[in-house]
A.B. asks: 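What follows is a single structure, and I will ask about it in a moment.
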Amino acid sequence: MKRLEGRIAVVVGAGQTPGETIGNGRATAITFARQGARLVLADRHAGSLDETAELVRSEGAEVQTVVADVAADDAPDLIVGAAVEAFGGIDVLHNNVGIGAGDGPPHHLTDDAYDRIMDVNLRAMWRMCRAAVPVLRGSQHGAIVNISSLASIAAAGNLTAYKLSKAGVNALTQNLAVTNAKHGVRANAILPGFIDTPMANDAAARAQGIDRSVLADLRAAAVPLGRQGTAWDVANAALFLASDEAAFITGISLLVDGGQSARVG
């Protein structure tokens, strides 16, 4: 029996930034497909979304795609509506959204950058959960998995708005857990540390004007296990939290960080 056999899973942020490795959303979509889920995949980049959909279909899964910017006012209802229309409900909501462009230390961060980061990383996730909860309550296996960050609980350098937004994701997840427990819906967050994804390495290296391998080595050196994680590490954590193996787990913030949090305390 596959761990998500027959489940309907929505993955928001299923595309990815171009790069050498695989992103968290795409890896999670593929992992869920391999475990028997039917999938609704959403992303604002149609080309990248289509690439993920083809990979998921190659695993034998049924797939519905929705091109939408999750921060747009109509996006949550559009995504939830697509899941209900295509498959009749939702069992798993996986929120893999996050940006950090334009962030900075508190004394340099602009209003526009702050508003955009908070809008995408926190407000959009809350609105996505708000739209999905009534449908999730109709499932016998309702689960929400929100992607937060190690930055939410540890020093984050110049990532002021990013840190604040992800700390908000942790708080949102706890509130979702306690207000939906009696309806059989669980909510948990994953806090990745340094993960070798295109957004974290390729895009960041380009922004800093350095070689990707240099940045990757610097990040790996900061991890007690001696390497960065991969998107598959995040995807496997998401699979566990979405499955019945985690049936008595709700309201947690699960670190997937190779020991970074233990080092910083």
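Atom set for the values below is all heavy atoms of this structure, side chains included, hydrogens, waters and symmetry mates excluded.
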A.B. asks: What are the two closest heavy atoms between Arg137 and Thr179, and how far apart are they?
C.D. replies: NH2-O, 3.5 Å
A.B. asks: Please tabulate, one pair per line, all N/O donor-acceptor pairs under 3.5 Å involving side-chain atoms of residues 162-173, not counting sequence neighbours.
C.D. replies:
unit_1	atom_1	unit_2	atom_2	d
Lys163	NZ	Ala151	O	3.0
Lys163	NZ	Ala154	O	2.8
Ser165	OG	Asn121	ND2	3.1
Ser165	OG	Ala161	O	3.2
Ser165	OG	Tyr162	O	2.7
Lys166	NZ	Val97	O	3.0
Lys166	NZ	Ile147	O	2.9
Asn170	OD1	Ser148	OG	2.7
Asn170	ND2	Ser152	OG	2.8
Thr173	OG1	Asn146	ND2	3.0
Thr173	OG1	Val169	O	2.7

A.B. asks: Starting at CD1 of Ile79, measure out to CG of Asp74 and round the result to the nearest 0.5 Å.
C.D. replies: 9.0 Å
A.B. asks: Run the side-chain contact (heavy atoms from CB on, under 4.5 Å) check on Asp257 and Leu191 step by step: do they pass?
C.D. replies: CA-CA 7 Å; Asp257 70 348; Leu191 280 58; over 6 Å; no
A.B. asks: Under 4.5 Å between any side-chain heavy atoms of Thr31 and Leu4, yes or no?
C.D. replies: no
A.B. asks: Could you report the tightest heavy-atom contact between Gly259 and Pro224, atom names first, then the distance?
C.D. replies: O-CG, 3.3 Å
A.B. asks: Please check if the number of heavy atoms outside Gln208 that lie under 6.0 Å from its CD is greater than 12.
C.D. replies: yes
A.B. asks: Where do Pro134 and Ala131 come nearest, in terms of heavy atoms and distance?
C.D. replies: CD-O, 3.6 Å
A.B. asks: CG/Leu159 to CG/Leu109 distance, rounded to the nearest 0.5 angstrom?
C.D. replies: 10.0 Å
A.B. asks: So does Asp115 get a backbone contact from the side chain of Asp119, meaning a donor-acceptor N/O pair under 3.5 Å?
C.D. replies: no
A.B. asks: Got a sec: does the OH of Tyr114 have more than 12 other heavy atoms crowding it under 6.0 Å?
C.D. replies: no
A.B. asks: Please report the C-alpha distance between Asp103 and Thr160 in whole Å, then the side-chain angles of each, then the deciding distance to 0.1 Å, and finally whether the side-chain contact (heavy atoms from CB on, under 4.5 Å) criterion is met.
C.D. replies: CA-CA 6 Å; Asp103 210 345; Thr160 304; 4.0 Å; yes
A.B. asks: Identify the heavy atoms of Pro198 and Gln16 that sit nearest to each other, and give their distance.
C.D. replies: CG-NE2, 3.4 Å
A.B. asks: Under 3.5 Å, is there a donor-acceptor pair between the side chain of Asp91 and the main chain of Ala9?
C.D. replies: no
A.B. asks: I need the full list of salt bridge (charged side-chain N to carboxylate O under 4.0 Å, His left out) pairs touching residues 226-247, with sequence neighbours left out, sorted by first then second residue.
C.D. replies: Arg3-Glu245, Arg7-Asp244, Arg227-Asp233
A.B. asks: Does one side chain, of Thr110 or Asp112, offer a donor that lies under 3.5 Å from an acceptor on the other?
C.D. replies: no
A.B. asks: Do Thr21 and Gln228 have side chains that get closer than 4.5 Å, going by heavy atoms?
C.D. replies: no
A.B. asks: Go through the steps to decide whether Val133 and Val185 satisfy the test side-chain contact (heavy atoms from CB on, under 4.5 Å), and finish with yes or no.
C.D. replies: CA-CA 8 Å; Val133 158; Val185 178; 5.6 Å; no
A.B. asks: Return yes if some donor-acceptor pair links the side-chain N/O of Asn188 with the main-chain N/O of Ile249 below 3.5 Å, else return no.
C.D. replies: yes
A.B. asks: Can you tell me how far CG of Leu215 sits from CZ of Phe194, rounded to the nearest 0.5 angstrom?
C.D. replies: 8.5 Å
A.B. asks: What pairs of residues pass the salt bridge (charged side-chain N to carboxylate O under 4.0 Å, His left out) test when at least one of them lies in residues 34-47, not counting sequence neighbours?
C.D. replies: Arg34-Glu59
A.B. asks: Answer with yes or no whether the hydrophobic clustering places Val92 together with Leu39; edges join I, L, V, M, F, W, Y residues whose side-chain heavy atoms lie under 4.5 Å apart.
C.D. replies: yes
A.B. asks: Let me check something: do Val12 and Val84 share a hydrophobic cluster, defined by ILVMFWY side-chain heavy atoms less than 4.5 Å apart, either directly or through other members?
C.D. replies: yes
A.B. asks: Got a salt bridge between Asp196 and Arg212, using NZ or NE/NH1/NH2 to carboxylate O under 4.0 Å?
C.D. replies: yes
A.B. asks: Identify whether Leu176 and Leu93 are in the same connected component of the hydrophobic contact network (ILVMFWY, side-chain heavy atoms under 4.5 Å).
C.D. replies: yes
A.B. asks: What about Trp126 and Val80, same hydrophobic cluster or not, with Ile/Leu/Val/Met/Phe/Trp/Tyr joined at side-chain heavy-atom distances under 4.5 Å?
C.D. replies: yes
A.B. asks: Looking at Arg26 and Ala231, would you say the former's side chain and the latter's main chain have a donor-acceptor pair under 3.5 Å?
C.D. replies: no
A.B. asks: Counting only N and O atoms by type, is there a donor-acceptor contact under 3.5 Å from the side chain of Thr65 to the main-chain atoms of Leu41?
C.D. replies: no
A.B. asks: Kindly compute the distance separating CG (Asn158) from NE2 (His107), expressed to the nearest 0.5 Å.
C.D. replies: 8.0 Å
A.B. asks: For a 4.5 angstrom cut-off between non-hydrogen side-chain atoms, does Pro18 reach Asp202?
C.D. replies: no
A.B. asks: Going from CZ on Arg57 to OG1 on Thr52, what distance comes out if it is rounded to the nearest 0.5 angstrom?
C.D. replies: 10.5 Å
A.B. asks: If every non-hydrogen atom of Ala83 is compared with every non-hydrogen atom of Ile90, which pair is closest and at what distance?
C.D. replies: CB-CG1, 3.7 Å
A.B. asks: Does a sphere of radius 6.0 Å around CG in Asp211 hold more than 12 heavy atoms from other residues, nucleotides or ligands, not counting ones at 6.0 Å or beyond?
C.D. replies: yes
A.B. asks: So, does Arg130 use its side chain to make a donor-acceptor pair with the main chain of Pro76 at under 3.5 Å?
C.D. replies: no
A.B. asks: With rounding to the nearest 0.5 Å, note down the distance linking CZ in Arg219 to CD in Gln260.
C.D. replies: 8.0 Å
A.B. asks: Applying side-chain contact (heavy atoms from CB on, under 4.5 Å), run through Leu255 and Ile153 and close with a yes or a no.
C.D. replies: CA-CA 10 Å; Leu255 286 151; Ile153 62 168; 3.9 Å; yes
A.B. asks: Considering non-hydrogen atoms only, spot the tightest contact between Thr17 and Arg206 and give its length.
C.D. replies: CG2-NH2, 3.9 Å
A.B. asks: Is there a path from Val56 to Phe32 through hydrophobic residues (I, L, V, M, F, W, Y) whose side chains come within less than 4.5 Å of each other?
C.D. replies: yes
